[in-house]
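Please read the structure below before turning to the comments.
Lettering follows sequence order; numbering is per chain, from 1. Just so we're clear, the structure is a prediction, and the values are computed from it rather than from any experiment.
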2 protein chains.
Amino acid sequence: MLKHIEHIGIAVDSLEEASKIFDVLFEKKAYKDEVVASEGVTTRFYKIGNTKIELLQANNSTSPIAKFLEKKGKGVHHLAFETDDIESEISRLTSAGFNLIHSTPKKGADNKRIAFLHPKSTEKVLIELCQENNT
Amino acid sequence: MLKHIEHIGIAVDSLEEASKIFDVLFEKKAYKDEVVASEGVTTRFYKIGNTKIELLQANNSTSPIAKFLEKKGKGVHHLAFETDDIESEISRLTSAGFNLIHSTPKKGADNKRIAFLHPKSTEKVLIELCQENNT
């Protein structure tokens with residue numbers, strides 16, 4: 001089951017420039033940065049209510065975020081839904097005909113195991129399933 | 001202050017087709033439809049955890065959603081943040097240099113008063129401020 005929206009990913013050209021805007025909008029500073037070397041991104045997290053906002057900056061030209069920025073420009077990149085059993089959700093959604101980008105969970109930022117659904121399956125919304133590593 | 005993410009708006013070509021997907025993804029049916037005649041849209045609401053997902057279908061070619069679909073195609077349209085005092089937030093953000101599409105609140109779906117920020121101000125993320133009508 002998808003329990004709630006864990007975070008919203010936003011692709012930006014520059015964390016530094018984006019933070020100038022979001023710090024004022026949210027009236028707070030981001031609470032952490034984290035590099036995900038395997039994806040070629042640096043992430044920066046804000047928390048608004050119970051939802052995280054994850055800014056995503058590409059660190060090299062082969063990063064999926066670099067490709068997204070080139071194709072679509074900055075803006076909302078993905079919606080991440082938390083689940084208590086990511087393997088079960090991958091299996092359920094695959095059986096239901098969804099196209100999973102990751103058929104087994106991979107390591108994501110923020111101590112999560114994650115899997116993405118292909119946006120062709122989901123009304124062009126890129127959806128991430130995520131599960132806290134220690135649950 | 002922006003308290004939490006009240007809903008995420010997703011532009012779709014057809015509520016009927018989109019619901020076939022989201023009903024399965026979320027393992028539940030939408031709980032209501034609402035027409036916003038002034039915007040030329042029909043909205044359809046799901047609730048996942050404490051956040052609403054608002055599907056948006058254009059009802060005529062002059063609807064802002066029709067224009068969005070033509071320009072960008074379906075996908076995430078906006079992020080809506082709840083505030084207890086929308087006039088105060090409009091004033092605060094205008095003073096801070098943000099470009100507000102609505103300088104006074106207008107009636108939105110779901111018993112809300114709303115105002116949008118121009119995405120040029122906010123890293124190409126279309127952001128809605130919203131306040132429940134009776135608060």
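- Interface residue A:L25: backbone and side-chain heavy atoms are both found under 4.5 Å from chain B.
- For a residue to count as touching a neighbouring chain, one of its non-hydrogen atoms must lie under 4.5 Å from one of that chain's; by this rule A:A96 touches chain B with the side chain only.
- Neither the backbone nor the side chain of A:L126 comes within contact range of chain B, judged by heavy atoms closer than 4.5 Å.
- Of the two parts of B:L93, only the side chain, counted from C-beta on, holds a non-hydrogen atom closer than 4.5 Å to a non-hydrogen atom of chain A.
- For the set B:K74, B:H4, B:K72, the entry with the most heavy-atom pairs within less than 4.5 Å of chain A is B:K74.
- Surrounding CG of A:D85 are more than 12 heavy atoms belonging to other residues, nucleotides or ligands, all under 6.0 Å away.
- With a 4.5 Å cut-off on non-hydrogen atoms, A:E89 touches chain B through its side chain but not through its backbone.
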* To do: Mind running side-chain contact (heavy atoms from CB on, under 4.5 Å) on A:I5 and B:I53 for me, showing each step along the way?
  => CA-CA 10 Å; A:I5 301 212; B:I53 302 287; 3.8 Å; yes

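- Within a 6.0 Å sphere centred on CG of A:N60, other residues, nucleotides and ligands contribute more than 12 heavy atoms.
- Residues B:L2 and B:L100 share a hydrophobic cluster, clusters being chains of Ile/Leu/Val/Met/Phe/Trp/Tyr side chains in contact below 4.5 Å.
- For the residue pair B:V24 and A:R92, the shortest heavy atom distance occurs at O-NH1, 2.8 Å.
- In terms of hydrophobic clustering, with Ile, Leu, Val, Met, Phe, Trp and Tyr side chains grouped at heavy-atom distances under 4.5 Å, B:V12 and B:F68 are assigned to different clusters.
- Atoms CE and CZ, on A:M1 and B:F26 in that order, are 12.0 Å from each other to the nearest 0.5 Å.
- Placement of A:Y46 and B:V125 within a single hydrophobic cluster is found when ILVMFWY residues are connected by side-chain heavy-atom separations under 4.5 Å, directly or transitively.
- Of the two parts of A:I10, only the side chain, counted from C-beta on, holds a non-hydrogen atom closer than 4.5 Å to a non-hydrogen atom of chain B.
- Contact tally against chain B (heavy-atom pairs below 4.5 Å) for A:V76, A:L55, A:I127: the top residue is A:V76.
- Of the listed residues (A:K3, A:K28, A:E27), the greatest number of heavy-atom pairs within a distance under 4.5 Å of chain B belongs to A:E27.
- Interatomic distance, CD of B:E123 versus OG of A:S19, reported as 9.0 Å (0.5 Å rounding).
- With hydrophobic clusters built from ILVMFWY side chains whose heavy atoms lie under 4.5 angstrom apart, A:V36 does not share a cluster with A:I114.
- Side-chain heavy atoms closer than 4.5 Å link hydrophobic residues (I, L, V, M, F, W, Y) into clusters, and following such links, even through other members, never connects B:L129 to B:I101.
- The only member of B:I8, B:I48, B:T51 that meets side chain to side chain contact (heavy atoms under 4.5 Å, CB included) when paired with A:L79 is B:I8.
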